[in-house]
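Below you'll find the structure, written out as structure tokens, and then a few comments.
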Protein chains: 2
Amino acid sequence: MASALRRAGLKVTPQRLSIVTALAHDDTHPTAQELFERLRGSVPAVSFATVYNTLDALARVGLMSVLRLGGPARFDPNTQPHHHAVCDGCGAVVDLPVPSLAPSAEAEAVVRAAAPGFVVARDERTFRGLCARCHARQAETRPGEGRRTKSP
Amino acid sequence: MASALRRAGLKVTPQRLSIVTALAHDDTHPTAQELFERLRGSVPAVSFATVYNTLDALARVGLMSVLRLGGPARFDPNTQPHHHAVCDGCGAVVDLPVPSLAPSAEAEAVVRAAAPGFVVARDERTFRGLCARCHARQAETRPGEGRRTKSP
DNA sequence: ATGATTGCAAACTCTTTGCATCCTT
DNA sequence: AAGGATGCAAAGAGTTTGCAATCAT
């Protein structure tokens, strides 16, 4: 873990280790704020700025990915290609395995037709909708009407 | 056009009309700032707050869609389901026709497996990469190395 | 007449930065 | 020792809001 940092040319500091380890055991895609609050009481306390700086550094070297979906950025330790389901009600983000949704040659063709010369690096797919809980809550509140969220 | 507003329960004001018409002839997905600057000199001048308020109102009634890709929100008059190609270099956004990329039953199945009970409303697909111009610029600058952007 | 809409400026949220100090290499 | 990293606080983006005046219906 520390070696991954060193390999990427980043110095290994206690703050960075605590951030990396906290994120490693987390699939909730926390925001910087959430991460900061969780680490406040840690032995190696981190400042808010360091959370941002570190996450930025980690993302830059590919040890972390950033989800910018509107509202605060969310951080995702999963650096493998994958997609997301985002709840419009509560903002929850769930990772989706990618295998069967791999970027197709067909998709590339569509891009090329609309944007000649465009070189596709990533195919990000986001399924928006309502998670089970929000869907149930919506149904009991106002049957047949959509719930609206505002972000950020 | 005015009738679309009325039908949606929104009052027809000169500001709204100028915003709607400005956006209608625009496929560059402008930000609120860009839209505001473009409308400054218009006959019915609009304030910055009104741009935001109006775009919010329009989006809420489905006459407009909002793209939150990190950085300032971008506005898209295209309310038909479609996808986007986003350039990591210059931030340009290009609309992609959707037909052949329609949300598949397979995709729904993947979502359901990872997030039981999740109801998919939209399948947003974003192809990130480099547009022709940025790709060429990158190649001449530092062959073989990626360009990084930071947003917002 | 009535209530939505406008506009201004101030408040807010999220993110980045300057700079002195500290720590990893 | 040298340069990156930290932490604080302050500055910057981007967005939202309170409130009085104004306008569409």
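Reckoned from all heavy atoms, side chains included, excluding hydrogens, waters and symmetry mates. Letters A, B, ... are given to chains in the order of the sequence lines, protein chains preceding strands, and every chain is numbered from 1. Predicted, not measured: the structure shown is a model, and the values here were computed from it.
At the heavy-atom level, B:Ala45 lies under 4.0 Å from the strands shown only through sugar-phosphate atoms. Here B:Ala73 lies in heavy-atom contact (under 4.0 Å) with sugar-phosphate atoms only.
Separating the CZ atom of B:Phe48 from the C1' atom of D:dA13 is a distance of 10 Å, rounded to the nearest angstrom. Distance CG (B:Leu55) to C1' (D:dG14): 14 Å, rounded to an integer number of Å. Remark: P of D:dT6 and CG of A:Asp56 are 12 Å apart, rounded to the nearest angstrom. The CZ-C1' distance, from B:Arg60 to C:dT5, rounds to 13 Å in whole Å.
Of the possible donor and acceptor atoms, none in the side chain of B:Glu37 sits under 3.5 Å from a partner among the backbone N and O of B:Glu34. Side-chain atoms of A:Asn53 come within 3.5 Å of backbone N or O of A:Ala49 as a donor-acceptor pair. In terms of modelled atom types and a separation under 3.5 Å, the side chain of A:Thr21 and the main chain of A:Ser18 share a donor-acceptor contact. A donor-acceptor distance shorter than 3.5 angstrom exists from the side chain of B:Ser65 to the backbone of B:Asn78, with no hydrogens or angles considered. Under a 3.5 Å cut-off, the side chain of A:Arg16 and the backbone N or O of A:Lys11 do form a donor-acceptor pair. The closest donor-acceptor contact from the side chain of A:Arg74 to the backbone of A:His29 lies under 3.5 Å. With hydrogens and angles disregarded, a donor-acceptor distance shorter than 3.5 Å links the side chain of A:His82 to the backbone of A:Gln80.
Here the side chain of B:Arg68 is nearest to one of D:dT16, D:dA9, C:dG7, namely D:dT16. Side chain of A:Ala49, nearest nucleotide from D:dG7, C:dA9, C:dT15: D:dG7.
Residue A:Phe48 is grouped with residue A:Val20 when hydrophobic side chains (ILVMFWY) are merged at heavy-atom distances under 4.5 angstrom, including chains of intermediate members.
For the OP1/OP2 pair of C:dT5 and a distance below 4.0 Å, the side-chain nitrogens and oxygens of B:Thr54 include no atom meeting the criterion. The side chain of A:Tyr52 contributes no N or O atom lying less than 4.0 Å from OP1 or OP2 of C:dT16. At least one side-chain nitrogen or oxygen of B:Thr50 sits closer than 4.0 Å to the OP1 or OP2 atom of C:dG7.
Within residues 32-41 of chain B, no residue has any heavy atom under 4.0 Å from DNA chain C. For the segment residues 5-26 of chain B, residues with any heavy atom less than 4.0 angstrom from an atom of DNA chain C are, sorted by number, B:Leu10, B:Lys11, B:Thr13, B:Gln15, B:Arg16.
Taking a 6.0 Å sphere around CZ of A:Arg122, one finds it holds more than 12 heavy atoms contributed by other residues, nucleotides or ligands.
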